[in-house]
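Here is how names work: the chains are called A, B, and so on, in the same order as the sequence lines, proteins then strands, and each is numbered from 1.
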There are 2 protein chains.
Amino acid sequence: MDTKTTCLGVLALGEASGYEIRKAFEEGPFSHFADGGFGSIYPALNKLTDEGLVTCTAHYQEKRPSKKVYRLTEGGWDRLEQEMRARIPGEDKYRSDLLFILFFADWQDPAWIARVIDTRIDFYREKLEAMKDCSTLDGLMVGQRLVHGFGCAVYQAALDYLVEHRDAFVAAAGNCHDCRQTAAE
Amino acid sequence: MDTKTTCLGVLALGEASGYEIRKAFEEGPFSHFADGGFGSIYPALNKLTDEGLVTCTAHYQEKRPSKKVYRLTEGGWDRLEQEMRARIPGEDKYRSDLLFILFFADWQDPAWIARVIDTRIDFYREKLEAMKDCSTLDGLMVGQRLVHGFGCAVYQAALDYLVEHRDAFVAAAGNCHDCRQTAAE
DNA sequence: TTCGAATATATCGGTCCGATATATTTTGAC
DNA sequence: GTCAAAATATATCGGACCGATATATTCGAA
């Protein structure tokens, strides 16, 4: 889904400003399967306004930049529904710099490998704790709760794998002292 | 990692053409944590050649476009090592159109929800089978095998969750006949 | 009191990606 | 045996996307 469509999705939960949409992508309920920075969100919101899919109301605030609150129009609802039924969704995209580094673990310093894995283990533990004690789950739609559960399940599997194989990764590191020659076959 | 760096990574396993690099991203050992289409790979390869990080040798073939084979230089090896140790790797990116659709399951047609989930379950089953019987695992470095295992573990967790909650998703669908009003609070 | 984080919008340059163009060989189905 | 489809192989273009940056104020913590 492009940024325009994911913005429509956030706005389907209630009116929001560009800033609030970004929070939904970064920390909110959309954070584990969608994203978008300001450089994508603001242009997308302008295009959506031009196409009549959202309305924009400026809420003037005395001491801050005036907040522009966006809201779906009937056309916006139609477009969102249409996008969600348009095609069987394509394969998920999963990109990981950590896995790229770990792939070449054999050629690297054991201490460095240990450090990147331990950092990630800590990160996953915190993330999962925050997701689980998430009391804001009440009142959500069933789909939202299930998708949240999907996120937890996948993070948990990643964490478990890292914990279980941490030592094997570290042991692999530093065993190949001549990688450039080895790779040259 | 940008496309230039991931290309260096593929070339670290042996010389390759642009076409072969793409296969490594699409089906090969890099497929579950990196990617890049021709539109990214060819320009990246040109830049790497300009910077002296790879060399390009044209292998003329009689009846096909001549194959340009790229190979890492010493500078290329240095750059790759440097990139992998430059910083603690950032959070993985996970993007999913399926989860976006499922998030709004309550508002959608049960048959459609069943179809998208069943399609994905089939996809994961095939993918996992292909990954597990992967006899090409012999002779790989330890890091490569472990990263492969990580991919299997995460795909398995995703598959298990979908199988277990498929009926709950379908049951959620179609229960909300008035989503636009409901969303308006 | 000062420094960083949060609130809030916006742009710009560079990168990335899907679609498309081109051309031949191999594979497989009927 | 023939024909279509898939694989081999490189390349570009326009539009979308993203990180960095600019601007300005308030709030809380050290």
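No salt bridge links A/R120 with B/E91; every basic N to acidic carboxylate O contact stays at or beyond 4.0 Å. Salt-bridge formation is not detected for the pair A/K93/B/D35: no Lys NZ or Arg NE/NH1/NH2 atom is positioned less than 4.0 Å from an Asp or Glu carboxylate oxygen. A salt bridge links B/E51 with B/K4: the closest approach of a Lys/Arg side-chain nitrogen to an acidic carboxylate oxygen falls below 4.0 angstrom.
Put simply, B/Y42 has a side-chain N or O that comes within less than 4.0 Å of OP1 or OP2 on D/dT10. Residue B/Y19 has a polar side-chain atom (N or O) positioned under 4.0 Å from OP1 or OP2 of D/dT8. Side-chain N/O atoms of B/K23 include none lying less than 4.0 angstrom from OP1 or OP2 on D/dA7.
Of the two residues contacting DNA chain D, namely B/P43 and B/E27, the nearest-nucleotide position lying further toward the 5' end is that of B/E27. Each of B/V69 and B/K93 was assigned the nucleotide of DNA chain D with the nearest heavy atom; the assignment lying further toward the 5' end belongs to B/V69.
Scored by the salt bridge (Lys or Arg N to Asp or Glu O under 4.0 Å) test, A/D167 finds no partners at all (sequence neighbours excluded).
Separating the CD atom of B/E26 from the C1' atom of D/dA6 is a distance of 15 Å, rounded to the nearest angstrom. In this structure, the CZ atom of B/F38 is 14 Å from the P atom of C/dC17, given to the nearest Å. Atom NZ in B/K67 sits about 19 Å away from atom P in C/dT24, given to the nearest Å. The CG-P distance, from B/L48 to C/dC16, rounds to 11 Å in whole Å. Separating the CD1 atom of A/I21 from the C1' atom of C/dT7 is a distance of 15 Å, rounded to the nearest angstrom.
Aromatic ring centroids of A/F33 and B/F103 lie under 6.0 Å apart.
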Any protein N or O atoms within reach of nucleotides 15-17 of chain D? Criterion: under 3.5 Å, listing atom names and distances.
unit_1, atom_1, unit_2, atom_2, d
D/dC17, OP1, A/T3, N, 3.0

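A donor-acceptor distance shorter than 3.5 angstrom exists from the side chain of A/T119 to the backbone of A/R115, with no hydrogens or angles considered.
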